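Because the structure is a prediction, the values reported are computed rather than measured.
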Amino acid sequence: MTFSNDKAIYLQMADRLCDEILAGKYKDDDRIPSVREYAVLLEVNTNTAVKAYDELARANIIYNKRGLGYFVTKGAKKQILKERKREFMKERLPELFRQMRLLDISIEDITAAWEDGKITNNKHE
C-alpha cells in the first residue's frame with residue numbers, strides 16, 4: 001500500500017479496512033486478518049497496525065474475541081457509511097462547490113457529464 005503524507009499511517013490503514021468492509025470483503029462478524037498479518041501485508045510496523053486496530057475498536061467497527069482475533073462489529077458497514085457521508089458533506093463538499101462556483105460549473109453541467117459517461121468512478125479510465 002502506498003501511504004500519503006497528509007494523514008497518519010495507522011489512520012490510512014484503518015480507512016483501508018473500512019473500505020474493505022464497505023466493499024463487502026468483510027461482513028458482520030467476519031474475522032479480519034490478525035494485526036501481524038495486516039502489518040506484513042501492508043509492510044508496516046506491527047505497532048502501527050495495533051494503533052489502527054485500536055482506533056477501529058474504539059469506533060466500534062471491529063471487536064476482539066480473546067484468543068480468536070478481531071471481527072467486524074454487527075452494523076459496522078452502516079456506521080462507516082454514516083460517518084463517511086457526514087465527513088464528505090462537512091469537509092469535502094464545501095470545497096467542491098467553491099471550485100464549481102470559481103469555474104462556473106453548474107449542477108446541471110455535472111449531471112449532464114455524469115449521464116454522458118464523462119464522469120466515472122474509476123480514476124484510471
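In this structure, Glu91 places its CD atom where more than 12 heavy-atom neighbours from other residues, nucleotides or ligands lie under 6.0 Å away. Surrounding CG of Asn5 are at most 12 heavy atoms belonging to other residues, nucleotides or ligands under 6.0 Å away. No more than 12 heavy-atom neighbours from other residues, nucleotides or ligands sit within 6.0 angstrom of CZ on Arg92.
Of the inter-residue distances, the one linking Lys25 atom NZ with Asp19 atom CG reads 11.5 Å to the nearest 0.5 angstrom. Here Tyr53 contributes atom OH and Leu17 contributes atom CG; the two are 5.0 Å apart, rounded to the nearest 0.5 Å. Rounding to the nearest 0.5 Å places CD1 of Ile80 at 5.0 Å from CG of Leu22. Here the straight-line distance linking atom CE of Met13 with atom CG of Leu56 works out to 9.5 Å at 0.5 Å rounding. Atoms OH and CZ, on Tyr26 and Arg31 in that order, are 9.5 Å from each other to the nearest 0.5 Å. The CE atom of Met89 sits 11.0 Å away from atom CG of Leu96, with the distance rounded to the nearest 0.5 Å.
Hydrophobic clustering (ILVMFWY, side-chain heavy atoms < 4.5 Å, transitive): Leu41 and Leu11 are in distinct clusters.
The heavy-atom pair separating Asn47 from Asn45 by the smallest distance is N-OD1, 2.6 Å. Scanning both residues, Ala39 and Ala49, for their nearest heavy atoms gives CB-CB, 3.9 Å. Phe3 and Leu42 make their closest contact through CE1-O, 4.0 Å (heavy atoms, listed as atom of the first residue, atom of the second, distance). Minimum heavy-atom separation, Asp15 to Arg84: O-NH2, 3.2 Å. Minimum interatomic distance between Gln12 and Thr2 (heavy atoms only, all atoms of both residues): OE1-O, 4.5 Å.
Within the 3.5 Å criterion, the main-chain N or O of Lys118 finds no donor-acceptor partner in the side chain of Asp116.
By the 4.0 Å N-to-carboxylate-O rule, Lys78 lies too far from Asp28 to be salt-bridged with it. Using a 4.0 Å cut-off between charged nitrogen and carboxylate oxygen, Glu95 and Arg98 count as a salt-bridge pair.
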Donor-acceptor pairs are to be reported for all side-chain atoms of residues 68-76 against protein atoms at under 3.5 Å, with residues two or more places apart or in another chain.
residue : atom : partner : partner atom : Å
Thr73   : OG1  : Asn60   : O            : 3.3
Thr73   : OG1  : Ile61   : O            : 3.2
Thr73   : OG1  : Ile62   : N            : 3.4

What donor-acceptor contacts under 3.5 angstrom involve side-chain atoms of residues 103-110, with partners at least two apart or in another chain?
residue : atom : partner : partner atom : Å
Ser106  : OG   : Glu108  : N            : 3.3
Ser106  : OG   : Glu108  : OE1          : 3.3
Ser106  : OG   : Asp109  : N            : 3.0
Ser106  : OG   : Asp109  : OD1          : 3.4
Ser106  : OG   : Asp109  : OD2          : 3.3
Asp109  : OD2  : Ser106  : N            : 2.9

Should Glu55 and Lys51 be marked as a salt bridge (charged side-chain N to carboxylate O under 4.0 Å, His left out) after you check the CA-CA gap, both sets of side-chain angles, and the distance that decides it?
-> CA-CA 6 Å; Glu55 180 73 19; Lys51 285 177 74 172; over 6 Å; no

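In this view, Val40 satisfies the side-chain contact (heavy atoms from CB on, under 4.5 Å) rule with no residue, not counting sequence neighbours.
The shortest distance between side-chain heavy atoms of Tyr38 and Val50 does not fall below 4.5 Å.
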